[in-house]
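Everything below concerns the one structure shown next.
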Amino acid sequence: MSHFHPDHSADLPAILWPAGAEFSLAGPEGSELFPSVASWARSLFEAGGAFAVLEDRLEYSLLEVEADGARVTTIWGNGELGVTGIGVPHGDVPTIGYRVDYGELSVAFSSDQNGSNETFVEFVKDVDYLVIHMAGNENSTGVIASLHAKPSVWGQMATASNAGHVIVSHIATSDQNQLDENLSILAANYGGPVTVASDLMCVDVR
Ligand SMILES: [Zn+2]
Ligand SMILES: [Zn+2]
């Protein structure tokens, strides 16, 4: 889990229904305003929770990741496959970005963030695929601008990290002209290939 804004977390019970699953669940530590991944999961799936109907169908372990962005946390590893996470700046919301390395191949997920912490660029250094969230426009102001990186900042981060390919997801605008403008600003700041994601799109990274 990256963070507990509803657009990033509300779907998990539906994905687990009806078959249940055995899994490891990583996510941010809590704050005054947001639950930790552990308290969030318990509030959903344990007795008395909103989806306690799933309790007997789930077998999961929990890992809380520090969200201050100061250090990289190892989430999981199995042979050539490794998953790491780091806190990213998203206003007052504890938020984690993730990186998956498999042999020589790597994919990173920015999560919602405003791009103000250099440690993320180091974290995704030389990644093959960088999945970004384009929730803000170049001229966004207020809460949107404080929570979300502008297209130029995404481009600068992709360039600074030497990302091999950028996948644009979490597209907030429904205006094609606005999206086109955002993509051209991104392209002015990043010279590599860009894919615009859509729901259920699969990208073959082999
Ligand atoms: Zn968010
Ligand atoms: Zn979001």
Side-chain angles (χ1 to χ4, degrees), residues 1-15 25-41 43-44 50 63-70 73 75 83-100 107-121 123-124 127 129-158 161 163 166-176 178-179 181-183 185-186 194-201 203:
M1 308 304 296
S2 68
H3 65 297
F4 296 114
H5 275 152
D7 59 323
H8 295 258
S9 55
D11 289 341
L12 186 63
I15 291 168
L25 190 65
E29 61 185 347
S31 70
E32 236 172 77
L33 295 172
F34 289 87
S36 68
V37 65
S39 59
W40 178 80
S43 73
L44 292 175
L63 176 63
E64 287 192 14
V65 182
E66 287 180 32
D68 65 5
T73 298
I75 307 293
V83 183
T84 48
I86 192 170
V88 295
H90 188 39
D92 57 7
V93 196
T95 303
I96 310 299
Y98 292 97
R99 174 174 179 143
V100 179
V107 182
F109 301 86
S110 67
S111 301
D112 278 348
Q113 61 160 297
N114 64 21
S116 65
N117 192 337
E118 287 281 318
T119 60
F120 179 76
V121 170
F123 177 67
V124 296
V127 74
Y129 291 82
L130 176 60
V131 183
I132 66 167
H133 287 352
M134 191 169 277
N137 304 323
E138 199 63 22
N139 58 0
S140 291
T141 55
V143 173
I144 294 293
S146 68
L147 293 182
H148 298 284
K150 300 171 190 289
S152 61
V153 172
W154 283 124
Q156 289 154 15
M157 283 199 288
S161 63
V166 166
I167 298 176
V168 179
S169 69
H170 193 308
I171 296 162
T173 183
S174 54
D175 176 348
Q176 186 63 45
Q178 180 67 67
L179 177 59
E181 183 185 317
N182 293 355
L183 293 171
I185 294 168
L186 174 69
V194 173
T195 296
V196 179
S198 57
D199 288 348
L200 304 180
M201 173 188 276
V203 178

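Indexing begins at 1, ligand by ligand and atom by atom, following the structure's order. Any value given below was found using the heavy atoms of this structure, including those in side chains, with hydrogens, waters and symmetry copies removed.
Looking at heavy atoms from C-beta onward, His90 lies out of side-chain contact with His133 at the 4.5 angstrom threshold. For the pair Pro28/Phe4, a side-chain contact is recorded, criterion being any heavy-atom separation below 4.5 Å from C-beta on. Between Ser2 and Phe109, every side-chain heavy-atom pair lies at or beyond the 4.5 Å cut-off.
Rounded to the nearest 10 degrees, the angle NE2 (His90) to the Zn ion (ligand 1) to NE2 (His3) equals 100°. Here His170 contributes NE2 and His8 contributes NE2, and at the Zn ion (ligand 2) these two atoms make an angle of 100°, given to 10°. Rounded to 10 degrees, the OD2-metal-OD2 angle spanning Asp112 and Asp7 at the Zn ion (ligand 2) equals 160°.
For Gln178, the CD atom counts as densely surrounded, since its 6.0 Å shell holds more than 12 non-hydrogen atoms of other residues, nucleotides or ligands.
Within His5, the N/O/S atom positioned nearest the Zn ion (ligand 1) carries the name ND1.
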